[in-house]
Amino acid sequence: EAKAIPGNSYRFFDAVLAADIEARASIERDLTRAIDAQEFFLEYQPIVGVESGSVRAFEALLRWRHPDKGIILPDVFIPAAEKTGLILPLGSWVVREACRQASGWPAPTGVVVNVASAQFRDRGFVDHVKHCLDEAGLAPGRLTVEVTEAVFSSDDAAVCEGLRALRAHGIRVALDDFGIGFSSINNLRTFPIDQLTVDRSFARAMMESKREADLVDIILKLGQTFQVTTTVKGIESEEQLDFIRQRGACEAQGYLISAPVPAADVPTFLARPESRLSA
Ligand code: C2E
Ligand code: MG
Ligand code: MG
């Protein structure tokens with residue numbers, strides 16, 4: 001802001017800035033320690049077929065078991081991990097752990113892993129993913145790498161190249177949070193993807209406004225046009241599930257089906273009768 005700031009406000013802003021820098025440095029130290037101390041773990045949220053009601057995959061969601069602060073959710077520490085570059089070792093661990101755990105699930109149950117754009121700038125990333133699949137004995141088609149559209153905002157050649165290499169290996173690629181942020185139909189034309197997920201903010205909004213409902217309709221039609229799997233996140237009620245079923249969504253994810261659960265609870269879900277979801 002180039003606005004004139006009266007009197008001693010400069011000192012105030014300096015103090016805010018200093019506090020910000022210190023807070024960042026502190027979380028960076030804390031993250032480094034936490035990686036070494038193995039304080040991170042994954043929870044898994046089931047994703048079901050809208051028609052069948054059966055579990056198709058689980059999304060791996062990162063959690064931090066902090067010794068003083070308790071469980072910390074990713075929205076709090078992922079931005080710091082991205083800024084400090086610690087997302088690289090952390091993200092590599094996520095892929096490895098998710099592949100390892102998923103290899104214990106019956107085929108063809110899939111696993112979805114979130115990947116930050118910075119990870120594609122790491123030259124060894126694609127090889128790391130392939131190595132993790134090999135090591136776990138997991139078929140590449142059971143892994144979906146989820147990226148947000150923000151990865152395309154920088155028009156980054158490394159990202160495109162990485163995504164193409166993953167797909168060439170048989171790994172699925174999903175575009176996360178579709179409909180918010182940098183959404184562009186051009187992304188669907190230019191980038192080879194297998195799946196798009198409708199951001200969870202739509203699940204609520206589509207029940208309240210015709211405009212939002214129409215938007216969801218359009219996104220689902222886009223998915224059909226480009227022949228990609230569509231997944232709607234944030235499904236919390238039967239009404240929302242019926243709504244997206246009528247409009248041809250492929251998959252649903254949200255608290256109605258289940259919140260994210262510990263890895264140990266995954267087998268329970270796979271054993272659960274499919275009839276629990278009303279068809
Ligand atoms: P996401 O990929 O969109 O994941 C879905 C988020 O929505 C999760 O939050 C999940 O707990 C939450 N959610 C699921 N069902 C519902 C529902 O019915 N209603 C509502 N209101 N929320 C629901 P979580 O676990 O806090 O993760 C937040 C975000 O952090 C994720 O959003 C993802 O972008 C990011 N993230 C998580 N794990 C990783 C990771 O390993 N690496 C990277 N780079 N990002 C991650
Ligand atoms: Mg995701
Ligand atoms: Mg999201």
Side-chain angles (χ1 to χ4, degrees), residues 31 34-35 39-48 55 57-65 70-102 110-122 125 128-129 132 143-151 159 162 172-182 193-207 229-241 243-244 251-263 269 277:
L31 273 170
I35 293 172
E39 288 170 9
F40 291 96
F41 67 102
L42 297 176
E43 283 195 322
Y44 293 94
Q45 187 175 33
I47 301 164
V48 296
V55 177
F58 290 85
E59 179 172 10
L61 295 161
L62 189 57
R63 274 91 183 85
W64 179 1
R65 191 181 287 107
I71 306 288
I72 307 181
L73 293 175
D75 285 339
V76 177
F77 63 82
I78 291 281
E82 288 186 359
K83 274 187 201 129
T84 55
L86 290 167
I87 191 70
L88 299 183
L90 193 53
S92 292
W93 177 82
V94 169
V95 174
R96 187 150 184 247
E97 182 73 353
C99 289
R100 191 182 66 79
Q101 292 185 315
V111 65
V112 180
V113 172
N114 292 279
V115 172
S117 56
Q119 293 177 259
F120 286 99
R121 260 165 254 133
D122 179 1
F125 177 67
H128 173 74
V129 176
C132 293
L143 175 66
T144 299
V145 164
E146 205 168 77
V147 296
T148 66
E149 284 192 299
V151 304
V159 174
R172 304 181 75 252
V173 171
L175 202 50
D176 204 3
D177 299 344
F178 196 82
I180 60 163
F182 297 94
I193 60 159
D194 302 282
Q195 182 165 349
L196 67 84
T197 78
V198 181
D199 186 71
R200 67 174 183 262
S201 59
F202 283 100
R204 185 170 302 217
M206 70 189 183
M207 307 308 286
T229 304
T230 49
T231 308
V232 183
K233 290 192 172 181
I235 296 297
E236 297 179 357
S237 70
E238 293 289 350
E239 290 70 29
Q240 290 169 326
L241 184 62
F243 187 96
I244 64 165
E251 298 180 343
Q253 181 177 355
Y255 297 156
L256 175 69
I257 297 114
S258 169
V261 297
F269 270 94
L277 269 184

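We count ligands from 1, going down the list as the structure has it; atoms in each ligand are counted the same way. In this chain, numbering begins with 1 at the start of the sequence shown.
With sequence neighbours excluded, the residues that form a ring-ring contact (aromatic ring centres under 6.0 Å, His included) with Phe125 are Phe120.
The shortest N/O to N/O separation between Pro260 and ligand 1 does not fall below 3.5 Å. Residue Gln119 has no N or O atom closer than 3.5 Å to an N or O atom of ligand 1. At a 3.5 angstrom cut-off on N or O pairs, Gln253 does not count as close to ligand 1.
Glu59 contributes OE2 as its N, O or S atom closest to the Mg ion (ligand 2). As for Asp176, its N/O/S atom nearest the Mg ion (ligand 2) is the one called OD2. Among the heteroatoms counted here (N, O or S) of Glu146, OE1 is the one nearest to the Mg ion (ligand 2).
A salt bridge is defined here as a Lys NZ or Arg NE, NH1 or NH2 lying under 4.0 Å from an Asp or Glu carboxylate O, and Arg204 with Glu236 meets this definition.
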| field | Residues Val147, Leu175; criterion side chain to side chain contact (heavy atoms under 4.5 Å, CB included); working and verdict | value | CA-CA 5 Å; Val147 296; Leu175 202 50; 4.2 Å; yes
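In summary, an N, O or S atom of Asn114 is located under 2.8 Å from the Mg ion (ligand 2).
Contact analysis leaves Gly91 out of contact with ligand 1, as no non-hydrogen atom separation drops below 4.0 angstrom. The closest approach between any non-hydrogen atom of Glu82 and ligand 1 is not below 4.0 Å. Taking 4.0 Å as the cut-off, Arg63 counts as a neighbour of ligand 1 on heavy-atom distance.
A pairwise comparison of heavy atoms in Pro46 and Ala259 identifies CD-O, 4.2 Å as the closest pair.
Each of Val173, Val129, Val145 was checked for a side-chain contact (heavy atoms from CB on, under 4.5 Å) with Val115, and the lone residue meeting it is Val145.
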